[in-house]
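For the single chain, residues carry numbers from 1 onward in sequence order. All values below were derived from every heavy atom in this structure, side-chain atoms included, with hydrogens, water molecules and symmetry-related copies excluded. This one's a predicted model, so the numbers in the text were calculated from it and none came from an experiment. Whatever order the structure lists ligands and atoms in, that order sets their numbers, starting from 1.
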Amino acid sequence: MAAAIVVKIGGSTLGSHDTTLEDIVTLQKQGRAVVVVHGGGKLITDWLKKQGVASRFVQGERVTDGPTLEVVTSVLAGLVNKDIVSALNSRGGRAAGISGVDGALIEGRIAEREKGYVGAVSRVNTGIVDSLMTAGFVPVIAPIGLNTDGRAPGEPATLNFNADTIAGEVAAAIGAERLVFLTDVAGILDKSGALLPRLTSAEAQAMVTSGVASGGMIPKVRACLRALDGGGTTCIVDGREPHALVRSLAATVVGTTIEAR
Ligand SMILES: Nc1ncnc2c1ncn2[C@@H]1O[C@H](COP(=O)(O)OP(=O)(O)O)[C@@H](O)[C@H]1O
Ligand SMILES: [Mg+2]
């Protein structure tokens, strides 16, 4: 399925992304195929707190033990996913919520022992996404996936994946024309905090290597590089700005565009 736009909605912008949801419905009504991938960072931390489970991060990723995985799955595939899908449908869109478990969309393995049940992607099976798009739905994807690659006895059947990584992998797998990250900063900032409107893939990689792009920006840059490999275009924009999504698809340059080269 060609010409799709993959949109990643950040956990930190959830709740203040009303125009993003409006924009998604607008694009759908224009006949464009849109796929949404969402995170849920803040809400997961709130719910873990309610359950008395502490949050710990290694290299920007949540260390996921058994009880954490239960909360992550409930919040991502439940609360956050249904919140986004119901908001899209009540605005006149046609959306259907799935996770990477559904249709075996995301198959993976344990990334690193020290991060617990955090997944690395081994394979993307795009059938369910293609089917939903063909039927006229916006697939809304929660970043939970299957633990199928070398699963040891006693390990859970599902894993917690970084939403940015899933967005990049899905964009590459479906051959999306564009991958847009909506986040809570203006784009990629340099050392002095100035916005960088355009970066080549090599320059973006260098931002990560030098540590100027750190924490939550790292998986976004990596996902952009992955999507560029798949032949798409990519950008990271400020989801707090009204209609950032629609504007990012118009000629006006907003946020940071990472270009192949
Ligand atoms: N060079 C950089 N430019 C912009 N943001 C950066 C940079 N390095 C690290 N960051 C951090 O990345 C964050 C965005 O990632 P994250 O908090 O995971 O948001 P999201 O919920 O959108 O994934 C920014 O809020 C900022 O703190
Ligand atoms: Mg993040």
Side-chain angles (χ1 to χ4, degrees), residues 6-21 23-24 36-48 55-64 68 72 75-76 79-81 83-84 100 111 115 118-121 140-144 160-171 179-227 234-241 244-245 248 253-258:
V6 176
V7 180
K8 193 270 179 162
I9 305 179
S12 25
T13 52
L14 287 173
S16 57
H17 58 281
D18 297 15
T19 66
T20 299
L21 299 173
D23 284 3
I24 292 166
V36 175
V37 179
H38 63 82
K42 257 188 198 159
L43 205 59
I44 292 170
T45 301
D46 291 350
W47 275 84
L48 284 168
S55 291
R56 197 158 65 81
F57 291 86
V58 171
Q59 294 157 352
E61 291 197 281
R62 183 183 298 283
V63 176
T64 306
T68 303
V72 165
V75 173
L76 284 177
L79 278 177
V80 178
N81 190 271
D83 187 36
I84 293 171
K115 289 181 187 165
V118 169
V121 176
V140 179
I141 305 169
I144 302 296
N160 173 26
F161 289 77
N162 181 283
D164 297 343
T165 307
I166 298 303
E169 290 289 340
V170 167
L179 170 62
V180 182
F181 284 96
L182 294 161
T183 186
D184 64 351
V185 275
I188 302 183
L189 311 178
D190 70 10
K191 276 203 295 268
S192 65
L195 174 68
L196 296 164
R198 274 177 198 286
L199 290 171
T200 64
S201 51
E203 287 166 345
Q205 178 60 56
M207 298 281 297
V208 171
T209 310
S210 67
V212 177
S214 60
M217 193 50 72
I218 297 172
K220 289 186 216 308
V221 170
R222 292 202 173 128
C224 287
L225 301 182
R226 182 79 185 89
T234 68
C235 66
I236 300 170
V237 305
D238 193 341
R240 302 166 304 180
E241 292 286 322
L245 176 57
S248 77
V253 177
V254 293
T256 300
T257 298
I258 303 179

* Asked: With atoms numbered from 1 as shown, which atoms in ligand 1 lie under 4.0 angstrom from a non-hydrogen atom of V212?
  -> 1 (N), 2 (C), 7 (C), 8 (N)
* To do: Mind running side chain to side chain donor-acceptor pair (under 3.5 Å) on T45 and R62 for me, showing each step along the way?
  => CA-CA 10 Å; T45 301; R62 183 183 298 283; 2.9 Å; yes
* Asked: Short list, please: which atoms of ligand 1 are under 4.0 Å from a heavy atom of T183?
  -> 14 (C), 19 (O), 20 (P), 22 (O)
* To do: List every atom of ligand 1 that sits less than 4.0 Å from any heavy atom of A213, numbering the atoms from 1 in the order shown and giving each element.
  => 1 (N), 8 (N)
* Applying side-chain contact (heavy atoms from CB on, under 4.5 Å) between L245 and each of D23, T19, V237, report the one that passes. => D23
* **Heavy-atom check, side chain of Q205 versus side chain of L225, under 4.5 Å** => yes
* Asked: With atoms numbered from 1 as shown, which atoms in ligand 1 lie under 4.0 angstrom from a non-hydrogen atom of D184?
  -> 14 (C), 24 (C), 25 (O)
* To do: Would you mind running through ligand 1 and noting each atom that sits below 4.0 Å from a heavy atom of G10?
  => 20 (P), 21 (O), 22 (O)
* Asked: G39: heavy atom below 4.0 Å from ligand 1, yes or no?
  -> no
* Per-atom contacts of ligand 1 with I188, taking only distances under 4.0 Å to non-hydrogen atoms -> 3 (N)
* To do: First locate atom NZ of K220, then atom CD1 of I188, and finally report the distance between them rounded to the nearest 0.5 Å.
  => 10.0 Å
* Structure fact -> For G187, the atoms of ligand 1 under 4.0 Å from one of its heavy atoms are 3 (N), 4 (C)
* pair T257-L199: side-chain heavy atoms closer than 4.5 Å -> no
* Asked: Heavy atom of S214 under 4.0 Å from ligand 1?
  -> yes
* Asked: Can K42 be said to touch ligand 1, with heavy atoms closer than 4.0 Å?
  -> no
* Nearest heavy atoms of K8 and F181, plus distance in Å -> CB-CD2, 3.6 Å
* Asked: Looking at V140, N81, V6, which hits side-chain contact (heavy atoms from CB on, under 4.5 Å) with V36?
  -> V140
* Asked: For ligand 1, does V185 get within less than 4.0 Å through its side chain, its backbone, both, or neither, judged by non-hydrogen atoms?
  -> side chain
* To do: Provide the closest heavy-atom pair for T234 versus A227 in the form atom of the first, atom of the second, distance.
  => CG2-CB, 3.9 Å
* Geometric N/O contact L189 with ligand 1, under 3.5 angstrom -> yes
